[in-house]
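Worksheet for the structure shown next.
From a predicted model like this one, the values you see are computed outputs, not experimental measurements. Position 1 is the first residue of the sequence, and the numbers go up from there. Computed over heavy atoms, backbone and side chain alike; hydrogens, waters and symmetry mates excluded.
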Amino acid sequence: LKSATRYRSSSHMADAAERKSKDDAVKQSIMQKLIETGEKERLKEMLRRRLVECGWRDELKDYCKEVIRSKGLEKITVDELVAEITPRGRATVPDQVKAELLQSIRKFLQAT
């Protein structure tokens with residue numbers, strides 16, 4: 001029984017590794033298409049514009065200033081600042097903006 005359980009467990013792990021490998025290959029293929037067609041740059045520009053329009057950029061800029069004030073300009077490195085603000089930045093992107101970006105990517109993939 002133990003060896004059967006061990007076999008199923010290792011088989012499951014192999015399936016998961018194979019799935020991850022396929023997922024990575026698909027992601028790489030999509031990214032290559034986005035770059036080759038210039039769509040990646042267009043999407044980045046659209047995202048930048050939307051984040052400015054909804055006030056996200058200003059909010060994050062204010063948070064940066066707050067972190068720098070609390071830690072001290074001379075005592076914080078750029079890497080530390082990035083590590084501090086990145087989780088908040090990702091967490092506060094409005095759902096509407098994420099949905100628009102995802103929809104644009106889907107349209108692109110359907111058209112190719």
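- Within the 3.5 Å criterion, the main-chain N or O of G38 finds no donor-acceptor partner in the side chain of E41.
- The two residues K33 and T112 have their closest heavy-atom pair at NZ-OG1, 3.9 Å.
- Annotation: the span from R48 atom CZ to W56 atom CH2 amounts to 11.0 Å, rounded to 0.5 Å.
- A 4.5 Å side-chain heavy-atom check between L34 and I30 finds at least one atom pair inside the cut-off.
- Side-chain atoms of T86 do not come within 3.5 Å of backbone N or O of A83 as any donor-acceptor pair.
- Minimum heavy-atom separation, C64 to L81: O-CD1, 4.2 Å.
- Atoms CD1 and CG, on I105 and L43 in that order, are 5.5 Å from each other to the nearest 0.5 Å.
- L101 places none of its side-chain heavy atoms less than 4.5 Å from the side chain of V97.
- Crowding of K98 atom NZ: a count of heavy atoms from other residues, nucleotides or ligands under 6.0 Å exceeding 12.
- For E36, the side-chain contact (heavy atoms from CB on, under 4.5 Å) criterion is met by Q32, not counting sequence neighbours.
- A heavy-atom distance below 4.5 Å is not found between the side chains of T92 and Y63.
- Residues L73 and I85 fall within the same hydrophobic cluster, defined by Ile, Leu, Val, Met, Phe, Trp and Tyr side chains chained together at heavy-atom separations under 4.5 Å.
- Looking at R50 and E100, their side chains come closer than 4.5 Å, going by heavy atoms from C-beta outward.
- K71 is listed as a side-chain neighbour of E84, based on a closest heavy-atom distance under 4.5 Å.
- By the neighbour-count criterion of 12 heavy atoms within 6.0 Å, atom CD of Q28 is sparsely surrounded, having that number or fewer from other residues, nucleotides or ligands.
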Begin from the C-alpha positions of K20 and D24 and carry the test salt bridge (charged side-chain N to carboxylate O under 4.0 Å, His left out) through to its verdict.
CA-CA 6 Å; K20 182 179 178 350; D24 289 348; 3.0 Å; yes
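- To the nearest 0.5 Å, atom CG of residue L51 and atom CD of residue E59 are 10.5 Å apart.
- Looking at S21, its side chain never comes within 3.5 Å of a backbone N or O of A17 through a donor-acceptor pair.
- Summarising the geometry, atom NZ belonging to K75 is positioned 14.0 Å from atom CD1 belonging to I68; distances are rounded to the nearest 0.5 Å.
- The pair K22-E18 meets the salt-bridge criterion, with a side-chain N (NZ, NE, NH1 or NH2) lying under 4.0 Å from an Asp/Glu carboxylate O.
- Rounding to the nearest 0.5 Å places CD of E39 at 9.0 Å from CG of L109.
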